[in-house]
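Report on the following structure.
Naming convention: chains lettered A, B, ... in sequence-line order (proteins, then strands); numbering from 1 in each chain.
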There are 2 protein chains.
Amino acid sequence: MGTTQLETVPEPKYWHLKTVLGEALDSDFAVGEILPNERDLAARFGVARATLRQALEQLELEGRLQRRRGVGTTVAPPRVGVDVSTTQHEWPGAAKDAWQLIDCAVAAAPAPVAKLLECATDDEVHVVRRVRVTHGQSVAAELLYVPASSVPELSAIAGASGPVRARAVLRELQRLALDSQDRAVELGSARADDAKELDRLPGAPVLVVTTRYIVEGRPAAVSVATYRADTCRLTFGDSGDLEISDHPEERRAS
Amino acid sequence: MGTTQLETVPEPKYWHLKTVLGEALDSDFAVGEILPNERDLAARFGVARATLRQALEQLELEGRLQRRRGVGTTVAPPRVGVDVSTTQHEWPGAAKDAWQLIDCAVAAAPAPVAKLLECATDDEVHVVRRVRVTHGQSVAAELLYVPASSVPELSAIAGASGPVRARAVLRELQRLALDSQDRAVELGSARADDAKELDRLPGAPVLVVTTRYIVEGRPAAVSVATYRADTCRLTFGDSGDLEISDHPEERRAS
DNA sequence: GAGTGGTCTAGACCACTTA
DNA sequence: AAGTGGTCTAGACCACTCG
């Protein structure tokens, strides 16, 4: 009695639906094309709307579909490759990175961030907000936490606000000698504010990239960047030629 | 008429529920503890079971809960950090990596893989299946695609099967001089076979790590590894000290 | 105002685990 | 056999976009 009684069980409807729809997307639809609405699709497949939606959710999670309230469901373009490699040790804001400064606030470090910074929960940190734009769309929202102690010279211009202040913080950071960084990627769901920046609903799936910048053996800053999981593929260019143009838009099942 | 009419709209019930439950997890529950069942919880919060489930799904996505059919819902341990850094250019199977060989087959390259390998769709490739085990649990399932042309010497032992054959393929690979690799991470959903290896249901969210191994300027192998997104945090140790013990198990809202 | 996707309900039955 | 989470239904109403 092998444990592999493969497929004795009936496949769930939504799973089968997802497969069928996925194949239809490959063969019968072009990128950007609008699908029939959910009520019609459900009727056509003879299932309840909730079941149909379960299949659509999966396909959206996989980056095959894009749904917008009040508009409709469209065939998504292939995921865009976003380079997140640490091109040599580099501070944020250096060189030509595609980040756009939003603003800067001062607050107590949130518990998980404080732990990464190896400082107390109520230590003051500068919080710089940035948004990453690629191919005309916002792909990531970032919060960069910089302990006040990392940029001691900054207090002089404490009066400035918004992007001006954010710029000042980054400028101070770049004066420090960066030892190294460590980094982690995990799945998360967008907080309300991030969701707004990314033009998604709260709870949308995101890839959270946490980066710790080390100076003189101690963490000097922590960045928490949330990338849209539906539209992004994070690339780590260990080799020279990354961002290969594998654009499978003309994928055809034939 | 600013576009930022923040929070005029009522928060969705499931979102509010998720927040409340999340706080309760922080303050009133220990890791591994069993929650009340879904019907009770729904009744207690005065919502339909489907709504309660929407909140639980989010929390499970964020790695805070673990649900098992027939058993119940438990508080999940903090995500385990899994090192996926390319510790210098290294072939799979080299040194002490935590992968476990399952088997090996020969098949035509699937379309997306063929594209990455820059070969034809019907070229024959060896497909090595491996599973990565950490802390006693399976965290990742991998398919390693090796074109027959990359390991020409292998045909001699074509007779072997299963793990033996898999081992032979890896051994041949390690004889090649690895130039570099490029890598991408994206969100996906587990295929049925991967799901079985990972002890999850099909469609479970996974982090897909695609690695391309370059030899003499051309791709010699492609690895597609799917990591459980609920339990894993992928770490890239650019610095010496990775896998920092930031075990936030005693996270308390206080 | 018409049409879309997003939320929510109150049920039902199924597959699985455990005792 | 009892209890759990997983699937599915057939409705309803809401928030949003657009002509």
Side-chain angles (χ1 to χ4, degrees), chain A residues 3 5-19 21 33-43 45-61 65-76 189-190 192 195-196 199-205 230, chain B residues 1 3 5-18 21 33-43 45-61 65-76 189-190 192 195-196 199-205 230:
Chain A
T3 57
Q5 54 169 95
L6 45 138
E7 312 306 352
T8 312
V9 266
E11 213 172 32
K13 274 190 191 177
Y14 78 90
W15 186 259
H16 182 242
L17 243 185
K18 183 201 129 181
T19 308
L21 280 170
E33 198 167 341
I34 306 180
L35 265 63
N37 72 53
E38 297 184 346
R39 291 161 179 86
D40 284 357
L41 274 180
F45 286 103
V47 299
R49 192 178 154 218
T51 304
L52 185 268
R53 277 180 62 79
Q54 214 172 338
L56 294 185
E57 264 149 36
Q58 286 257 355
L59 289 168
E60 190 177 30
L61 201 77
L65 290 181
Q66 188 158 354
R67 300 191 286 174
R68 273 172 307 174
R69 169 156 48 176
V71 180
T73 302
T74 57
V75 180
S189 47
K196 185 158 287 182
D199 192 28
R200 298 259 63 196
L201 290 173
D230 55 344
Chain B
M1 57 170 187
T3 56
Q5 55 170 94
L6 46 138
E7 313 305 352
T8 311
V9 267
E11 211 172 31
K13 273 191 191 177
Y14 78 90
W15 185 259
H16 182 243
L17 243 186
K18 183 202 129 179
L21 280 171
E33 199 167 339
I34 306 179
L35 266 62
N37 72 54
E38 297 184 347
R39 291 161 179 86
D40 283 358
L41 274 180
F45 286 103
V47 299
R49 194 178 152 216
T51 306
L52 185 268
R53 276 179 63 79
Q54 215 172 338
L56 293 185
E57 264 150 36
Q58 286 257 355
L59 288 169
E60 191 177 31
L61 202 77
L65 290 181
Q66 188 158 353
R67 298 190 288 173
R68 274 173 306 173
R69 169 155 50 178
V71 180
T73 302
T74 58
V75 180
S189 47
K196 185 160 286 184
D199 192 29
R200 297 259 64 195
L201 291 173
D230 54 344

* To do: Go through A/Leu35 and A/Leu65 one step at a time and tell me if the side-chain contact (heavy atoms from CB on, under 4.5 Å) criterion holds.
  => CA-CA 9 Å; A/Leu35 265 63; A/Leu65 290 181; 4.1 Å; yes
* Figure out the CG/C1' separation between A/Asn37 and C/dG6, and round it to whole Å. => 14 Å
* Asked: Out of curiosity, B/Thr73 OG1 to B/Leu21 CG, how far, rounded to the nearest 0.5 Å?
  -> 10.5 Å
So which protein nitrogen or oxygen atoms get under 3.5 Å of nucleotides 8-10 of chain D's nitrogens or oxygens?
{"unit_1": "D/dC8", "atom_1": "OP1", "unit_2": "A/Lys13", "atom_2": "N", "d": "2.2"}
{"unit_1": "D/dC8", "atom_1": "OP2", "unit_2": "A/Tyr14", "atom_2": "N", "d": "3.2"}
{"unit_1": "D/dT9", "atom_1": "OP1", "unit_2": "A/Lys13", "atom_2": "NZ", "d": "3.0"}
{"unit_1": "D/dT9", "atom_1": "OP2", "unit_2": "A/Ala48", "atom_2": "N", "d": "2.8"}
{"unit_1": "D/dT9", "atom_1": "OP2", "unit_2": "A/Thr51", "atom_2": "OG1", "d": "2.4"}

* Asked: When only distance counts, do a donor and an acceptor, one from the side chain of B/Arg39 and one from the base of D/dG5, lie under 3.5 Å apart?
  -> yes
* To do: Give the rounded distance in Å between these two atoms: CG of A/Asp40 and P of C/dT4.
  => 7 Å
* Structure fact -> Residue set satisfying side chain to side chain contact (heavy atoms under 4.5 Å, CB included) with A/Asp40, at least two apart, ordered chain then number -> A/Pro36, A/Asn37
* Kindly write out the residues that satisfy side chain to side chain contact (heavy atoms under 4.5 Å, CB included) with B/Pro12, not counting sequence neighbours, or none if the list is empty. => B/Tyr14, B/Trp15
* Partners of A/Ala195 by side chain to side chain contact (heavy atoms under 4.5 Å, CB included), sequence neighbours excluded? -> A/Ala190, A/Pro202
* To do: Provide, to the nearest angstrom, the distance between the CD atom belonging to A/Glu38 and the C1' atom belonging to C/dG6.
  => 8 Å
* **Separation of atom CG in B/Leu17 from atom P in C/dT7, rounded to whole Å** => 13 Å
* Can you tell me the distance, in whole Å, between the CG atom of B/Leu35 and the P atom of D/dG5? => 9 Å
* Has B/Thr73 got a side-chain N or O lying under 4.0 Å from the OP1 or OP2 atom of D/dG5? -> yes
Please tabulate, one pair per line, all N/O donor-acceptor pairs under 3.5 Å involving side-chain atoms of residues 46-55 of chain A, not counting sequence neighbours.
{"unit_1": "A/Arg49", "atom_1": "NE", "unit_2": "A/Glu38", "atom_2": "OE1", "d": "3.0"}
{"unit_1": "A/Arg49", "atom_1": "NH2", "unit_2": "A/Glu38", "atom_2": "OE1", "d": "3.0"}
{"unit_1": "A/Arg53", "atom_1": "NH1", "unit_2": "A/Glu38", "atom_2": "OE1", "d": "3.2"}
{"unit_1": "A/Arg53", "atom_1": "NH1", "unit_2": "A/Glu38", "atom_2": "OE2", "d": "3.0"}

* Asked: Checking A/Gln58 side chain against B/Ser189 main chain: does a donor-acceptor pair fall under 3.5 Å?
  -> no
* Asked: Between A/Arg67 (CZ) and D/dA15 (P), how many Å, whole number?
  -> 19 Å
* Asked: Taking CD1 from A/Ile34 and P from C/dG3, how many angstroms apart are they, rounded to a whole number?
  -> 15 Å
* Structure fact -> Smallest heavy-atom separation, B/Glu60 atom then B/Asp230 atom, equals O-CB, 3.8 Å
* Contact class for A/Leu56 (heavy atom, under 4.0 Å): base, sugar-phosphate, or nothing? -> nothing
For nucleotides 17-19 of chain D, print each protein N/O atom paired with a nucleotide N/O atom at under 3.5 Å, atom names and distance only.
none

* Give, for atom CG of B/Leu56 and atom NZ of B/Lys18, the distance between the pair rounded to the nearest 0.5 Å. => 12.0 Å
* Just how far, in rounded Å, is C1' of D/dC14 from CZ of A/Arg53? -> 13 Å
